[in-house]
Amino acid sequence: MKPFEYSFVIKKGGEEVQVIPVEFVCSISAKSIKITPNLAKQIVKVSYPFFVSRSRAVAFLESKKDWVATQLEKVPDKIIIDDGVEISLLGKKYKISHIPNARRGVWCEGEYIFVSGNREFLNRRVKDFIKNEVKNYFTSKVKFYANILNVDFGKISVKDTTSRWGSCASNGNLSFSWRLAFAPLFVIDYIVAHEVAHLAELNHSYRFWRVVKNIYEGDVDKAQKWLSRNGLTLYAIN
Ligand SMILES: [Zn+2]
C-alpha cells in the first residue's frame, strides 16, 4: 500500500507551495468516515470503518475537498529564526540580533537575543539556546509543583513532538515540547502542572483535575483555550 496516494497542495502568496499528504486509516473502532486535517503535522487523516471500502473513503474525501482546503488555509505562515526576527521566549518578546564577531555564543540582553558567529549557524544556535532555556524553566517549575504534591519525578527532557505538549511516563520521567518556549507563561505552567499532576494521578479522572487545579496558579480553561486556538502557531516557528 502506498502511504500517500492522495494529497492537497496549498499555495501562499502565489509562491510557496506545500504538499499536504492524506493518510487513509481503516479502523475497527471507527463508525463512520472521518476527515481530520492535522495542521501541526501538516497531514490530513481519513479514518474509515472496516465495513466501508477504501474507494468510498476516497470518494467521501473528494466530496469534502473544498472544506479540507479551507481548513488547510489555517496553516500559519512559517517564521524562520534569523537576524531581525522577533520571537516570544518564555512570555517575553525578543528581537534576534546577529553580532558575527562577538564570540559570546547566544545571550539575552534587554529586548534582544544576541548571537555571535557565522550566520549559517545562527538558526541552530538560537534553537539550542531556546531549548536549553525552556528546559531550565520546565525543571524549576516541575520542582515547584512536585514539591507542593510531595511527589518524586524522573528525568526531564524536551522534545519536538506534534502529538502532545507534554507527557508523563509511569517511571516518573517527564517530557515537554520545546515549542512551548514560544507560548505565554500561563500556558507553559499549565502543561507543567498537568504533567506533574500525573505523577500523583496517572489518568484524567476527576481526582486528577482536582490536583491540577490545586497546584496550578492560573485558569485551566483559559490555558486550554489558548492552546487550541494558538497552538498551531508554535509549530510555525523554525
Ligand atoms: Zn494528561
Side-chain angles (χ1 to χ4, degrees), residues 23 25 27-32 34-47 71 74-76 88-91 127 130-238:
E23 186 186 31
V25 182
S27 151
I28 304 269
S29 59
K31 289 182 174 63
S32 58
K34 198 175 163 211
I35 305 171
T36 319
N38 184 328
L39 303 184
K41 278 187 181 167
Q42 307 211 335
I43 191 166
V44 175
K45 192 172 148 190
V46 180
S47 51
Q71 296 303 303
K74 292 178 191 160
V75 172
S88 170
L89 172 59
L90 296 169
K127 273 194 222 165
I130 292 168
K131 285 175 190 173
N132 193 50
E133 291 289 303
V134 74
K135 190 180 177 183
N136 288 341
Y137 186 81
F138 285 139
T139 305
S140 69
K141 214 60 210 197
V142 166
K143 279 184 189 157
F144 176 77
Y145 290 134
N147 188 42
I148 300 175
L149 293 179
N150 201 18
V151 289
D152 292 324
F153 56 91
K155 235 182 91 206
I156 298 166
S157 51
V158 290
K159 290 179 179 166
D160 196 359
T161 50
T162 55
S163 54
R164 41 179 48 179
W165 296 112
S167 67
C168 174
S170 52
N171 64 1
N173 286 352
L174 301 166
S175 70
F176 300 98
S177 164
W178 74 278
R179 295 183 171 282
L180 284 168
F182 308 121
L185 283 185
F186 76 90
V187 174
I188 308 176
D189 291 350
Y190 161 65
I191 297 295
V192 177
H194 182 120
E195 298 312 330
V196 171
H198 277 316
L199 293 167
E201 292 283 337
L202 204 54
N203 51 55
H204 289 123
S205 62
Y206 170 75
R207 266 163 54 193
F208 164 79
W209 289 109
R210 215 168 48 186
V211 174
V212 175
K213 283 177 182 148
N214 187 22
I215 57 172
Y216 176 52
E217 310 90 325
D219 179 338
V220 171
D221 252 23
K222 194 181 154 202
Q224 287 176 336
K225 273 194 188 117
W226 192 96
L227 279 169
S228 65
R229 281 186 198 144
N230 309 291
L232 217 52
T233 60
L234 306 182
Y235 289 102
I237 307 166
N238 272 288

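Both counts, for ligands and for their atoms, begin at 1 and track the order of listing. What you see is a predicted model, and the numbers here were worked out from it, not measured in a lab. FYI, side chains are in, hydrogens and waters are out, and symmetry mates aren't considered; it's all heavy atoms of this structure.
Protein atoms of type N, O or S found under 2.8 Å from the Zn ion (ligand 1) total 3.
The aromatic rings of H198 and F208 sit parallel to each other, their planes meeting at less than 30°, with 60° as the upper class boundary. Classification of the F138-F176 ring pair by plane angle, with boundaries at 30° and 60°, yields parallel.
A donor-acceptor pair under 3.5 Å links the side-chain atoms of N230 to the main chain of W226, judged by distance alone.
Remark: K141 qualifies as a cation-pi partner of F144 under the 6.0 Å distance and 45° angle criteria applied to the six-membered ring. Cation-pi geometry between K222 and F186 is met: under 6.0 angstrom from the ring centre, within 45 degrees of the axis.
Between the side chains of S27 and S47, not a single donor N or O lies within less than 3.5 Å of an accepting N or O.
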